[in-house]
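This report concerns only the one structure given below.
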There are 2 protein chains.
Amino acid sequence: MTKQIEQLLRMHIVRPSHHRIKIYQYLIEKRNHPSVDMVYQELVRTIPTLSKTTVYNTLQLFLEKGIVIMITIDENETRYDADTSLHGHFRCSSCGKIFDIRLGTDAWRLDGIDDFEINESHIYFKGWCPECRKKGALQ
Amino acid sequence: MTKQIEQLLRMHIVRPSHHRIKIYQYLIEKRNHPSVDMVYQELVRTIPTLSKTTVYNTLQLFLEKGIVIMITIDENETRYDADTSLHGHFRCSSCGKIFDIRLGTDAWRLDGIDDFEINESHIYFKGWCPECRKKGALQ
DNA sequence: CTTCATAACTGTAATCATTACAATTTTGTA
DNA sequence: TACAAAATTGTAATGATTACAGTTATGAAG
Ligand SMILES: [Mn+2]
Ligand SMILES: [Mn+2]
Ligand SMILES: [Zn+2]
Ligand SMILES: [Zn+2]
């Protein structure tokens, strides 16, 4: 696993340091669209010397190299996603969890704005997730 | 014009104070998806006693009453829009302007996530606007 | 026109995510 | 082993947003 991550980082011109591997590994294993603090709080348990600045710097580097995307669905802090494929997100207003939403290609298509050059597309939904709806219904 | 805004605010249980009218008027006249600071900098010229806190509070109130929507396309500061209809946004990475993008209803439709209760839908694009593309091409 | 309760507004301080930056440590290579 | 480059750290600065206490405006009652 670590070898594969090293390979991927190298392919994107990112030297695979210990911290970078751990941070990338966190993203692909948890798949939880974490904030900087979520990554830091988890990893600092096994890397006590870890600095939050390193998490910021590393995710910024991953962004520039195109191996993560930034998600601004949360108003307070940016979230990150190692899944760079075209997909939407749903944020539960109750539990705060962020879910992946697979959308047909026609949802991403848009006509009549040929003069714009689109580099990024984001589709966000907010509301209540299935679990929270159940809980809410019981109250 | 002012009378119409007063009417609209009253309809949404917002007492139409002088400041509230001016802030709402700014939103519908400029249609520029402003940040709090953009609203403040413009209005403080004619209302020298205006406090930025009032702009924050007022836009928060408008949000709660459903007469504006929040746009999180900008990573640094939240933007506001008095157009609450379903439409997408495009943010130019060069000039920072935010444009409205009208999308067909099929773009907003999504199947297979019936268990989610959707309250808000946001579609954002980022890239280069027509004007900045032209300028960029000349360089 | 005064009184008074309530709502609106102001200004300052606190909070919190993010960035800047200089110092220190690690790494790869000769 | 030596050393330059890259990575990491820790602290301070920045900047948007919020908290809050004090002040002002408003509007109804008398
Ligand atoms: Mn995702
Ligand atoms: Mn708009
Ligand atoms: Zn939930
Ligand atoms: Zn532009």
Side-chain angles (χ1 to χ4, degrees), chain A residues 2 5-6 9-10 12-26 33-65 67-80 91 96 98, chain B residues 2 5-6 9-10 12-26 33-65 67-80 91 96 98:
Chain A
T2 302
I5 295 175
E6 280 188 37
L9 294 182
R10 257 191 256 274
H12 290 86
I13 321 174
V14 174
R15 284 168 65 168
S17 72
H18 180 62
H19 290 172
R20 288 170 178 174
I21 292 170
K22 287 295 184 187
I23 291 171
Y24 191 80
Q25 189 169 23
Y26 177 97
H33 311 93
S35 64
V36 164
D37 196 60
M38 288 164 74
V39 176
Y40 173 76
Q41 292 303 337
E42 172 69 21
L43 295 186
V44 78
R45 294 168 56 197
T46 53
I47 314 170
T49 62
L50 182 64
S51 164
K52 198 178 278 191
T53 300
T54 297
V55 181
Y56 274 104
N57 291 341
T58 303
L59 289 172
Q60 182 58 41
L61 179 71
F62 287 175
L63 261 186
E64 288 162 6
K65 298 301 184 180
I67 59 177
V68 303
I69 56 175
M70 181 190 290
I71 301 175
T72 58
I73 197 173
D74 188 313
E75 301 95 41
N76 301 317
E77 47 188 4
T78 55
R79 305 297 200 99
Y80 297 87
R91 178 176 163 188
I98 296 176
Chain B
T2 302
I5 295 173
E6 279 188 38
L9 294 181
R10 257 191 256 276
H12 291 86
I13 322 174
V14 175
R15 283 169 65 168
S17 74
H18 180 62
H19 290 172
R20 286 170 180 174
I21 292 169
K22 286 294 185 189
I23 291 172
Y24 191 80
Q25 189 170 21
Y26 177 98
H33 310 92
S35 64
V36 164
D37 196 61
M38 289 165 72
V39 176
Y40 173 76
Q41 293 302 338
E42 171 69 22
L43 295 187
V44 78
R45 295 167 55 195
T46 52
I47 314 170
T49 62
L50 182 65
S51 165
K52 197 179 278 189
T53 301
T54 297
V55 181
Y56 273 104
N57 290 340
T58 302
L59 289 172
Q60 182 58 41
L61 179 71
F62 287 175
L63 261 186
E64 287 163 5
K65 299 301 185 179
I67 59 177
V68 303
I69 57 175
M70 181 190 289
I71 300 175
T72 59
I73 196 173
D74 188 315
E75 301 95 40
N76 301 318
E77 47 188 3
T78 56
R79 305 298 200 99
Y80 297 87
R91 174 169 169 198
I98 296 175

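Lettering of chains follows the sequences in order, A, B, ..., and the numbering in each one begins at 1.
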Verdict with supporting geometry, A:Arg91 and A:Asp74, side-chain contact (heavy atoms from CB on, under 4.5 Å): CA-CA 8 Å; A:Arg91 178 176 163 188; A:Asp74 188 313; 3.2 Å; yes
A:Glu42: side chain to side chain contact (heavy atoms under 4.5 Å, CB included) partners, not counting sequence neighbours: A:Tyr26, A:Lys30, A:Arg45
Summary of protein contacts for nucleotides 4-19 of chain D, nucleotide by nucleotide, where a base hit scores B, a sugar-phosphate-only hit scores S (4.0 Å, heavy atoms): --SSSBBB----SBBB
Atom pair OH (B:Tyr80) and CD1 (B:Ile69), whose distance is rounded to the nearest 0.5 Å: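 Here the rounded value is 12.0 Å.
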Point-to-point distance, once rounded to the nearest 0.5 Å, from CD1 of B:Ile23 to CG of B:Leu50: 6.0 Å
Test side-chain contact (heavy atoms from CB on, under 4.5 Å) applied to B:Phe62 and B:Leu9, step by step: CA-CA 9 Å; B:Phe62 287 175; B:Leu9 294 181; 4.0 Å; yes
Once you round it to whole Å, what is the distance between [atom2] of [N] and [atom1] of [X]?
{"X": "B:Leu9", "N": "C:dA8", "atom1": "CG", "atom2": "P", "result": "11 Å"}
{"X": "A:Leu59", "N": "C:dA17", "atom1": "CG", "atom2": "P", "result": "15 Å"}
{"X": "A:Glu75", "N": "C:dT18", "atom1": "CD", "atom2": "C1'", "result": "17 Å"}
{"X": "B:Lys65", "N": "C:dA7", "atom1": "NZ", "atom2": "P", "result": "12 Å"}
{"X": "B:Asp74", "N": "C:dA17", "atom1": "CG", "atom2": "P", "result": "18 Å"}

Pairwise salt bridge (Lys or Arg N to Asp or Glu O under 4.0 Å) hits with a residue in residues 47-61 of chain B, at least two apart: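 As it turns out, the salt bridge (Lys or Arg N to Asp or Glu O under 4.0 Å) pairs with a partner in residues 47-61 of chain B, which skip direct neighbours, are B:Asp37-B:Lys52.
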Dot-bracket line, read 5' to 3' along DNA chain D, where crossing pairs take [ ] and | marks a partner on another strand, Watson-Crick or G-U under 3.5 Å: ||||||||||||||||||||||||||||||
Non-neighbouring partners of B:His33 that pass side chain to side chain donor-acceptor pair (under 3.5 Å), sequence neighbours left out: B:Asp81, B:His89, B:Asp100
Set of side chain to side chain donor-acceptor pair (under 3.5 Å) partners for A:Arg20, sequence neighbours left out: none
